[in-house]
Number of protein chains: 2
Amino acid sequence: MTSRPQAARTRKPPGERRAEILHTAARIALDEGLERITLRRVADELGVRPGLIGHYFPAADDLVSEAFAHAAAQERDTLLPPGSHEADRSPTARLAGFLVRLTGADCLDLSRLWLNARHLSRFKPGLRATVREQESLTRTALTGLVEEGVRRGEFRTDDPLGATLHILVTVDGLGAYANDDIDSGSNGESNGDDLNHPALQDLALTVAEHRLALTPGLLRAAAI
Amino acid sequence: MTSRPQAARTRKPPGERRAEILHTAARIALDEGLERITLRRVADELGVRPGLIGHYFPAADDLVSEAFAHAAAQERDTLLPPGSHEADRSPTARLAGFLVRLTGADCLDLSRLWLNARHLSRFKPGLRATVREQESLTRTALTGLVEEGVRRGEFRTDDPLGATLHILVTVDGLGAYANDDIDSGSNGESNGDDLNHPALQDLALTVAEHRLALTPGLLRAAAI
DNA sequence: AGCCTTATTGGTCAGATGGCCAACTACGTG
DNA sequence: CACGTAGTTGGCCATCTGACCAATAAGGCT
């Protein structure tokens, strides 16, 4: 047999190895949760020994924090791409895309991750700080989008920050149910159907349209 | 010495002991989080041996689920007392009291608990079912309050359930920030001040007034 | 009073976790 | 080619967790 129990010991430059660990940890966080980020778990995934992970992250909590930051930033760049090279798309289209995709079913992992981080930050001060930073970044990005929309005359509000906060509270509120499996209906006393209430489907869009003085249905229509 | 290392072995009727365990576990959950509910932790608190807790709850997850249900139900009865003996208070006053107290700082523990349970339910099927039940109970109670308000002519809406869901989404969204310590401002790049934005202070009240066609400020004024 | 059910104890066990450290070796440097 | 830095290994440890079980004794019953 050519494959021995111990894989070939490959030696990588610290920066690359560190990035590799972070990337793996972020994926685990999105797939299975932040508490599944464990020295052994990451090591197994990478085919290295647990001690190596501990070498790059002497405090395991730091790995968790940075992995969350990595995942959150990556998802944010996808959902709310920074302005410069997106200047051609209208703020309305960008906001619609952001909200529609964010509250869509394919983004459940992200909602779960935020729920995860917000709770876990109760016990981990480092993660708490990271969560606040990521919240701040999202808030700033969305506020910028709203302000640009106001400048272009697409949105109308006297309080861009207030509108942003309201929209985000709504998004986070919808995200609170990310772990309720939707498909467990047909339960007589269950509440499975309530979460499919039409008022909830487009709630984030409705709130945004209300706060930004848009005609109802505009955002849904603007979503590609 | 009159106090020996082993306390007097007291034997209690099963029902009483079980209730005692549940009460203690619920308090731990509210104070420190659901993951702090541990056989040993509860046993220490009660001055008994860990094995005894395991005897009453052969599956530790069931203790967690029931403790959450206990805490959630207790808090709900406080914030949203069932109708009969509260029929004298107007729906407006009851709704205002519910929202003001719920989003108040003294209710942080409750928000944290829900955040905790919603995340933890990702890994514990039993807890997931319990969370859904408790959500359903709160939803039913609030919907009943809204419908009564509509009957009395205090509220106006064609979709009581939709209004209830919207209000609860907003409450849950605000609760998402329960673990961000508010008092860490004066941080140049921090977002501590954003959470003190005036639009957030009364957001739940504002949404409720909007959905129920109430004059702005009415609920704040109706809160005792 | 004695008995008998069972609440309660005390101990063990396996599994998982983070942290630590000496030894090994891959790889760039001289 | 030899050397030495440092990336990597393998192993050990303390700690915490839930689960399990035989032995004990408390308290109600006859």
Side-chain angles (χ1 to χ4, degrees), chain A residues 3-25 28-29 32-68 116 120 122-127, chain B residues 3-25 28-29 32-68 116 120 122-127:
Chain A
S3 68
R4 275 157 266 161
Q6 54 183 11
R9 172 185 287 200
T10 57
R11 187 193 182 97
K12 298 192 176 183
E16 180 180 340
R17 182 66 89 185
R18 191 186 160 88
E20 189 183 41
I21 293 174
L22 231 36
H23 186 77
T24 301
I28 294 176
E32 309 172 33
L34 289 167
E35 33 273 283
R36 292 280 204 270
I37 298 181
T38 221
L39 302 189
R40 285 161 181 79
R41 181 80 175 72
V42 176
D44 285 351
E45 204 102 356
L46 265 66
V48 296
R49 313 268 26 175
L52 184 59
I53 313 299
H55 171 70
Y56 282 94
F57 294 89
D61 283 357
D62 290 346
L63 173 56
V64 174
S65 297
E66 294 195 35
F68 167 70
N116 193 169
L120 213 56
R122 176 174 185 178
F123 307 109
K124 300 182 186 294
L127 179 59
Chain B
S3 68
R4 275 154 267 160
Q6 54 182 13
R9 171 186 288 201
T10 57
R11 186 192 182 97
K12 298 192 176 182
E16 180 180 340
R17 183 65 90 184
R18 190 185 160 87
E20 188 183 41
I21 292 173
L22 232 36
H23 186 76
T24 301
I28 293 176
E32 308 172 33
L34 290 166
E35 33 273 282
R36 293 280 205 269
I37 297 180
T38 222
L39 302 187
R40 285 159 182 78
R41 180 80 174 72
V42 176
D44 286 350
E45 204 103 354
L46 266 67
V48 297
R49 313 270 16 173
L52 185 60
I53 314 299
H55 172 70
Y56 283 95
F57 293 89
D61 283 358
D62 291 346
L63 174 56
V64 173
S65 297
E66 293 196 34
F68 167 71
N116 194 169
L120 213 57
R122 177 174 184 176
F123 307 108
K124 299 182 187 293
L127 179 59

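A note on names: the letters A, B, ... follow the listed sequences, proteins ahead of strands, and every chain is numbered from 1. Only a predicted model underlies this, so the values are computations on that prediction, with no experimental measurement involved.
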Please list, chain by chain and in numerical order, all residues satisfying side chain to side chain donor-acceptor pair (under 3.5 Å) with B/Glu66, sequence neighbours excluded.
B/Arg18
With side-chain hydrogen bond (donor to acceptor under 3.5 Å, both in side chains) as the rule and sequence neighbours excluded, what pairs involving residues 52-62 of chain B come up?
B/Asp61-B/Lys124
Just to confirm, is there a sub-4.0 Å distance from OP1 or OP2 of C/dA7 to any side-chain nitrogen or oxygen of B/His55?
yes
d(CG, A/Leu46; P, D/dT9) in whole Å:
10 Å
Report yes if the side chains of B/Ile53 and B/Arg40 come closer than 4.5 Å at any heavy-atom pair, otherwise no.
no
Applying side chain to side chain donor-acceptor pair (under 3.5 Å), can you list everything that pairs with A/Arg49, at least two apart in sequence or on another chain?
none
Whole angstrom is fine here: how far is it from CG in A/Asp44 over to C1' in D/dT9?
14 Å
Under 4.0 Å protein heavy-atom contacts per nucleotide of nucleotides 17-30 of chain C, with B for base, S for backbone only and - for none
BBS----BSBS---
Round to the nearest Å and state the distance from B/Lys12 atom NZ to D/dA26 atom C1'.
14 Å
Atom CG of B/Leu52 and atom P of D/dA19: how far apart are they, to the nearest Å?
15 Å
With a 4.0 Å cut-off on heavy atoms, is B/Pro14 in touch with a base, just the backbone sugar-phosphate, or nothing at all?
sugar-phosphate
Return the set of residues passing salt bridge (Lys or Arg N to Asp or Glu O under 4.0 Å) with B/Arg122 (not counting sequence neighbours), or none when no residue passes.
none
Below 4.0 Å: OP1/OP2 of C/dT8 and any side-chain N or O of B/Tyr56:
yes
Applying salt bridge (Lys or Arg N to Asp or Glu O under 4.0 Å), name anything that partners A/Arg41, two or more places apart in sequence or on another chain.
A/Glu32, A/Glu45
Just how far, in rounded Å, is P of C/dA16 from CD of A/Glu32?
14 Å
Atom CZ of B/Arg49 and atom C1' of D/dG18: how far apart are they, to the nearest Å?
16 Å
